[in-house]
Amino acid sequence: MATEKTFRVSSVEYDKPTKSNNIDWANCILCQEIIDEKLICPFDSKRLNVGAGYQSLADNIKKFHALRLMPEGINVCIENLDEGSGIAQSFIDHKACWHKSCNLKLNRTKLNRAEKRTSRESIDEATTSKKTRHSFSVQSTSKPSVCFFCNKNGQEALHES
């Protein structure tokens, strides 16, 4: 049996910081909480491009913030992450770490879904009439005013089989 996954989006005051101005860089930079889950630090990666993980996370944070759809549990204030040279550079400078579960809330798939959801909502608001299967089926089941075979108008021109 397939289970449905649901996601809740928290409402965040975007004019005010959600946490204090001080970020504890030793904790998860996304939730700022101390829990039993292990912290992941891309800086400790053996990959050549250490900053790639930081850059993609920074980009996703900016986009979620721009959509005003920061996932529930992400308690960091975006303005506090940028120390002047960009969020990704601040992450690198402080060797930022995060919980895997927090990072998953900000992954590219969830961002794409959020973007799609917001674009669909704006399109729905812009259009006044929706076309549904029902509206198409009503049109196709009503009798045509012109005969398909002989192009004559009226009910007498309809050919019966």
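Along the sequence shown, residues are numbered consecutively beginning with 1.
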Would you check if Ile74 and Cys102 make a side-chain contact, meaning some heavy-atom pair closer than 4.5 Å? yes

Shortest non-hydrogen separation from Lys95 to Cys41 and the atoms involved: O-SG, 3.7 Å

Within this structure, what is the CD1-SG distance for the pair Ile23 and Cys77, rounded to the nearest 0.5 Å? 7.5 Å

Using 0.5 Å steps for rounding, measure from the CG atom of Asn103 to the CD1 atom of Ile61. 8.5 Å

Pair Glu115, Lys110 - check side-chain contact (heavy atoms from CB on, under 4.5 Å), show working. CA-CA 9 Å; Glu115 288 172 336; Lys110 290 191 177 60; over 6 Å; no

Any side-chain heavy-atom pair of Cys31 and Trp98 under 4.5 Å: no

Qualifying residues under side chain to side chain contact (heavy atoms under 4.5 Å, CB included), relative to Ala96, sequence neighbours excluded: Trp25, Ile29, Tyr54, Phe91

Taking side chain to side chain contact (heavy atoms under 4.5 Å, CB included) as the definition, give me every residue that meets it alongside Asn49, ordered by chain and number, with sequence neighbours left out. Arg47, Ala52

Return yes if some donor-acceptor pair links the side-chain N/O of Gln32 with the main-chain N/O of Val76 below 3.5 Å, else return no. no

Output for pair (Arg120 CZ, Thr118 OG1), nearest 0.5 Å, gives 9.5 Å

Quick one: does any side-chain atom of Glu37 pair with a main-chain N or O of Lys100 as donor and acceptor, under 3.5 Å? yes

Could you go through Leu30 and His99, starting from their C-alpha distance and side-chain angles, then the distance that decides it, and tell me whether this counts as side-chain contact (heavy atoms from CB on, under 4.5 Å)? CA-CA 8 Å; Leu30 302 174; His99 299 117; over 6 Å; no

Least distance between heavy atoms, Gly86 atom then Asp82 atom: N-OD1, 2.9 Å

If you measure from SG on Cys28 to CD1 on Ile34, what distance do you get to the nearest 0.5 Å? 11.0 Å

Using only atom types and a distance under 3.5 Å, with no angle test, would you say the side chain of Asn60 pairs donor to acceptor with the backbone of Leu106? yes

Lys105 side chain to Glu72 main-chain N or O, any donor-acceptor pair under 3.5 Å? yes

Just how far is it from atom CG of Asn27 to atom CG of Leu39, taken to the nearest 0.5 Å? 7.5 Å

Using side-chain heavy atoms (C-beta onward) and a distance below 4.5 Å, is Asp59 in contact with Ile87? no

Quick one: SG on Cys97 to NE2 on His94, what's the gap to the nearest 0.5 Å? 12.0 Å

Under 4.5 Å between any side-chain heavy atoms of Leu104 and Asn107, yes or no? yes

Does any non-hydrogen side-chain atom of Gln89 lie less than 4.5 Å from one of Glu83? no

